[in-house]
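Keep in mind that this is a model prediction, so the values were computed, not measured. FYI, the numbering just counts along the sequence from 1. Order of appearance sets the numbers: ligands from 1, and atoms from 1 within every ligand.
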Amino acid sequence: MKMGTALIYDEEMTKYKLLWVDPACKIEVPERLTVSHDALVRNSLADRCVAIPVREATDAEILLAHSEEYLEAVKKTPYMTLEDLKEFTLQYGDVYFHPNIYHCAKLAVGAALQLVDSVVTGKVRNGMALVRPPGHHSMRSAANGFCVFNNVAIAARYAKQKYGLERVLIVDWDVHHGQGVQYCFEDDPSVLYFSWHRYEHQKFWPQLRESDYDSVGKEKGAGFNINVPWNKVGMENSDYLSVFCHLLLPVAYEFCPDLVLVCAGFDSAIGDPEGEMCATPDIFAHLTHLLMNLAGGKLCAVLEGGYNLTSLPQAVCQTVQTLLGDPLPQPANLSGPCTSALESLHCVRSAHRPYWSCLKHAADLPTSDISTKRIKLAEEEEEKTPKEEEKSTEEKVWPEPPKRVAPPVRSVALLPKDVTCPEGCKRFSSSEALDPLTVSKLRENFLKDADDGDALTTLSSLISITEEMKKNEICSGLALVRDVTMAMMCVVQHAAAALSNRVLVVCVGNGKVPSHIAEEGKALVVQIGSESTEEQKCKYYIPVCLKKGCSDMSGFIQAVFGLFLPLGYEYDPSLVLLVRMPDSRIHDRMWQQLTALLQSFAQGHTLVLMQEDEKACVGPTASSLLGDPAPPLERLQAPLPQDMEAMERLRHRLQADWKLLQITAPESG
Ligand SMILES: CC(O)(O)NCCCCN
Ligand SMILES: [Zn+2]
């Protein structure tokens, strides 16, 4: 049964503010919370969530990440005069105190813990806590960067202690480095901390040497701290997606967390005065979705920063709407990552090569002088071509995120009569007959013996399904057919011709795929199997070979993140056709992960084709199409080196045509 999404908010946390002049702190205003919550209410998202009340954190909970002397000191602030508060604040950096901030800081921690309880106990599937003060900069004995207590660090410790979780992933997409979280867990292999942040070669606040990519963690925690420094402003959606696909997700799946906590700061969105980035609010729908199939969907998002009162609420709504399971928006103009982002991505992947088998094949980092020279060269290169993302004073403008309308029918199933329709799916029966022209075309093009009534019914039903997807009357569908290759041909032919759709075809397993359907670019066909099919003929037919075939989960997941997702984002199809070739030998869990992840594209319009003897796959496929989180894969062992090298060569060859496949800066000079 579909579990809900928690929303944790209390207006008490708006009842503190800056009481004196401090340019560094004036952006942290109560309105950040009110505009975010009001937007959720206005967009009818709040009432679709399960409202969970906040509570005050106990001393013991706060002491999970802070010292007694610090807690005792903060306890005194409610009784301080304005002068005392100013005095007290001076000992910390870029933060302010207020008579009510201690109360609000306890509520912010308590909100995060309530969210953890609701998600881990299964009362809800996932959720978001809208809190202030934020947390990720605060340290064991110091407030910092508008933060008093480290909400997410405490939540991670609390989840491990109370529920015995072994591994917790913290994803920090705030535009600042959560050094407080890094310090908390840098020697702890049970908490993987990932952060990207504006850095500009240590020129940007908090200007810490340890925020750079070579801080990989200490002692037993080596490898479990991942810093992605943004050395230029103006990063866009492509930069964020590239880092997710080529770094965070492969590592996160290898880590196989029991819980995902997100330091959900939205100052990494366009228009924010702190981040000065150019990623649009809808990208947070994709970032959220890409994390939702880890840990069986147990995801807790806790607000950190976000200071533009227009992009902040938009990004909060995009995040919550995805947590609720609504179809994703079409990703906005993906132009490929910029050189600076590629330099950073390359450096981080190289720094973490020793710790993650998915990065083993990452090219070696050149010796330091070459790398800085490369970076300098790359930057000079970029300087020469002034890009719009240079620091600009004029107000940034961006389009309102598109409305994400969930079609009346979430998923249909085209099944032989004797196969029961999974709960939540609607059995498809081709009600209206197709127009005779289409029927005659079907006969001549696809039917061996023209009067094969069943085949004709099946093919015409598939065509009807794609037409109803085009009209957004249904979101997705699955079909058991006698011949998946013929069905695939028919759908691609029709979708390309009649519906002028770009179709992404993902073929899982061996089998002859008539690559001519990819010829003119109306379809992008990627096929993954154990046979190295004939060399890739054209840009739109991409065969991926795994020595051990699709049963090799670690090789498969590398193909999904390193190839399928970047290709899919760049191709930007309006229909995804997922074809399970006969005896593909793919594990059900891997199949469900793939079915879930491919819904990143085409606003979730996914049509799954399976051979009719694969009845056992109908239930699991349907649950993924209905938005249930795919069950976690077990801990992945190393992918086969020869598979990874083959994928490297393939990626290297394709990246000229497909920019999102790049993971290193183009050879400069
Ligand atoms: C939570 C946060 O990361 O947005 N705080 C940013 C503080 C910036 C101080 N210059
Ligand atoms: Zn921030």
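Thr322 and His289 form no side-chain donor-acceptor contact under 3.5 Å, judged by distance and modelled atom types alone. Checked by atom type, the side-chain pair Glu304/Asn151 shows no donor-acceptor distance below 3.5 Å. Defined by atom type and a distance below 3.5 Å, a donor-acceptor pair is present between the side-chain atoms of Tyr96 and Glu28.
The atoms of ligand 1 that sit less than 4.0 Å from any heavy atom of His136 are 1 (C), 2 (C), 3 (O). The Pro134 neighbourhood of ligand 1 comprises atoms 1 (C), with distances under 4.0 Å to a heavy atom of that residue. Annotation for ligand 1: atoms under 4.0 Å from non-hydrogen atoms of Asp267 are 4 (O).
Distances shorter than 4.0 angstrom do not occur between any heavy atom of Glu28 and any atom of ligand 1.
Contacts of Glu274 with ligand 1, taken as heavy-atom pairs under 4.0 Å, involve the side chain alone. When non-hydrogen atoms are compared, ligand 1 lies under 4.0 Å from neither the backbone nor the side chain of Val175.
For Trp205 and His177, the gap between ring centers reaches or exceeds 6.0 Å. Ring to ring, Phe224 and Phe185 are not that close: their centroids are 6.0 angstrom or more apart. Ring centers of Trp196 and Tyr213: at least 6.0 Å apart, outside the cut-off.
Nearest protein heavy-atom neighbour of atom 4 (O) of ligand 1: Tyr307 OH, 2.5 Å. Closest to atom 5 (N) of ligand 1 among all protein heavy atoms lies Gly145 O, 3.1 Å.
Asp174 contributes OD1 as its N, O or S atom closest to the Zn ion (ligand 2). As for Asp267, its N/O/S atom nearest the Zn ion (ligand 2) is the one called OD2.
The heavy atom nearest to atom 9 (C) of ligand 1, considering only Ile27, Asp174, Val95, Asp94, is found in Asp94.
Residue His176: an N/O/S atom is found under 2.8 Å from the Zn ion (ligand 2).
The aromatic rings of Trp173 and Phe266 lie tilted to each other, with the angle between the two planes from 30° to 60°.
Here the options are Phe204, Tyr199, Phe146, the test is ring-ring contact (aromatic ring centres under 6.0 Å, His included), and the partner is His176; only Phe204 passes.
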